[in-house]
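Note that the numbering runs from 1 along the sequence shown for the chain.
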Amino acid sequence: MQKILLLSDTHSFINNQILKYVKQADEVWHAGDIGDQKVTDTIKKLKPLKGVFGNIDDDVIRAEFPENNRFMCENVDVWITHIGGYPNRYDRRIRKAIQNNPPKLFISGHSHILKVIWDKKLNLLHMNPGAAGKYGFHKVRTMLRFVIDGENIKDLEIIELEKRA
């Protein structure tokens, strides 16, 4: 069983409010637009981290994190990418690959809009945790946390951080 904290679009922002949830997780996943390596370095000092780079990330972050990260967590096939689209509208960069070999859990960021959608056609769960950072149009900073137990994804929680002014 793994307790996962999923965040995205930190845009160089990390604080004790985020770190409180990092400490409660077994593993942290970041879906891109990290912004500054201090964000991931801070998380890695506390917990194992998997992530991808986003469209705002520099060469240093791109050297450390891939564009696509596909891996197994317990018995769940996970695919994380920053710009992924949504069911029936996946980004053209990954559309054929996801249709030909869908994961069980597909994660993207980029939109700053928290969404969790079941893709009936591809039989996968799509998650976008919204944005944990302060930069962007979103009104509430958000993250997700959930448990992967064997082949089950369960106990999904939306974490709302403070509202932005």
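Looking at Glu64 and Ile34, their side chains never come closer than 4.5 Å, going by heavy atoms from C-beta outward. Using a 4.5 Å cut-off on side-chain heavy atoms (C-beta onward), Ile98 and Pro103 make contact. For the pair Asp9 and His138, the minimum side-chain heavy-atom distance is 4.5 Å or more. The closest side-chain heavy-atom distance from Pro87 to Lys121 is not below 4.5 Å. Looking at heavy atoms from C-beta onward, Asp33 lies in side-chain contact with Asn55 at the 4.5 angstrom threshold. Contact of the Met72 side chain with the Asp77 side chain is registered, since non-hydrogen atoms from C-beta on lie closer than 4.5 Å. Between Asn101 and Arg70, some side-chain heavy-atom pair lies under the 4.5 Å cut-off. Between Lys50 and Ile4 the shortest side-chain heavy-atom distance does not fall below 4.5 Å.
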Salt bridge (Lys or Arg N to Asp or Glu O under 4.0 Å) between Asp41 and Lys44, worked out:
CA-CA 5 Å; Asp41 287 348; Lys44 286 190 294 185; 3.8 Å; yes
Please assess Lys104 against Glu151 for the test salt bridge (Lys or Arg N to Asp or Glu O under 4.0 Å), listing each intermediate value before the final yes or no.
CA-CA 9 Å; Lys104 182 166 184 174; Glu151 60 184 34; 5.3 Å; no
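Within 6.0 Å of CG on Asn16 lie no more than 12 heavy atoms contributed by other residues, nucleotides or ligands. A 6.0 Å sphere centred on CE of Met1 holds no more than 12 heavy atoms belonging to other residues, nucleotides or ligands. Within 6.0 Å of atom NZ in Lys3, 12 or fewer heavy atoms from other residues, nucleotides or ligands are found, so the atom counts as exposed in its surroundings. Annotation for Ile158: atom CD1 does not count as buried by contact number, only 12 or fewer foreign heavy atoms lying within 6.0 Å. Within a 6.0 Å sphere centred on CG of Asp59, other residues, nucleotides and ligands contribute 12 heavy atoms or fewer.
Across all non-hydrogen atoms, the minimal contact from Ala97 to Trp79 is CB-CH2, 3.7 Å. When all heavy atoms of Asn128 and His110 are compared, the pair lying nearest together is ND2-N, 4.5 Å. Across all non-hydrogen atoms, the minimal contact from Tyr21 to Leu161 is CE1-CD2, 4.3 Å. Closest non-hydrogen pair, Ser108 versus Gly85, comes out as OG-O, 3.7 Å. Between Pro102 and Leu124, the shortest heavy-atom distance links the atoms CB-CD2, 3.9 Å. Across all their heavy atoms, Glu74 and Gly150 have their closest contact at OE1-N, 3.0 Å.
Side-chain contact, His30 with Thr10: a donor N or O sits under 3.5 Å from an acceptor N or O. Between the side chains of His126 and Asp119, no donor-acceptor pair is found at a separation under 3.5 Å.
Under a 3.5 Å cut-off, the side chain of His112 and the backbone N or O of Gly130 do not form any donor-acceptor pair. Between the side chain of Arg95 and the backbone N or O of Asn88 there is no donor-acceptor pair closer than 3.5 Å. Of the possible donor and acceptor atoms, one in the side chain of Asn69 sits under 3.5 Å from a partner among the backbone N and O of Gly51. The closest donor-acceptor contact from the side chain of Asp57 to the backbone of Gly35 lies under 3.5 Å.
Of the candidates Glu27, Glu157, Glu160, Glu157 is the only one forming a salt bridge (Lys or Arg N to Asp or Glu O under 4.0 Å) with Arg145. None of Ile18, Val22, Leu19, Leu49 except one satisfies the side-chain contact (heavy atoms from CB on, under 4.5 Å) rule with Thr42; the exception is Leu19.
With rounding to the nearest 0.5 Å, the separation of CG in Leu7 from CD1 in Ile159 is 9.5 Å. Distance check, rounded to the nearest 0.5 Å: CG of Asn75 to CD1 of Ile148 gives 10.0 Å. Note that the CD1 atom of Ile56 and the OG atom of Ser12 stand 5.5 Å from one another [nearest 0.5 Å].
Hydrophobic clustering, with ILVMFWY side chains joined whenever heavy atoms are under 4.5 angstrom apart, keeps Phe106 apart from Trp118. There is no path of hydrophobic side-chain contacts, each under 4.5 Å, that joins Ile80 to Val28. Residue Ile43 is grouped with residue Phe13 when hydrophobic side chains (ILVMFWY) are merged at heavy-atom distances under 4.5 angstrom, including chains of intermediate members. Under the 4.5 Å side-chain heavy-atom criterion for ILVMFWY residues, a single connected hydrophobic cluster contains both Leu144 and Leu105. One hydrophobic cluster, built from ILVMFWY side chains closer than 4.5 Å, cannot hold both Phe53 and Val78; they sit in different ones.
Trp29 and Phe146 have perpendicular rings, their planes meeting at more than 60° on a 0 to 90° scale where under 30° would count as parallel.
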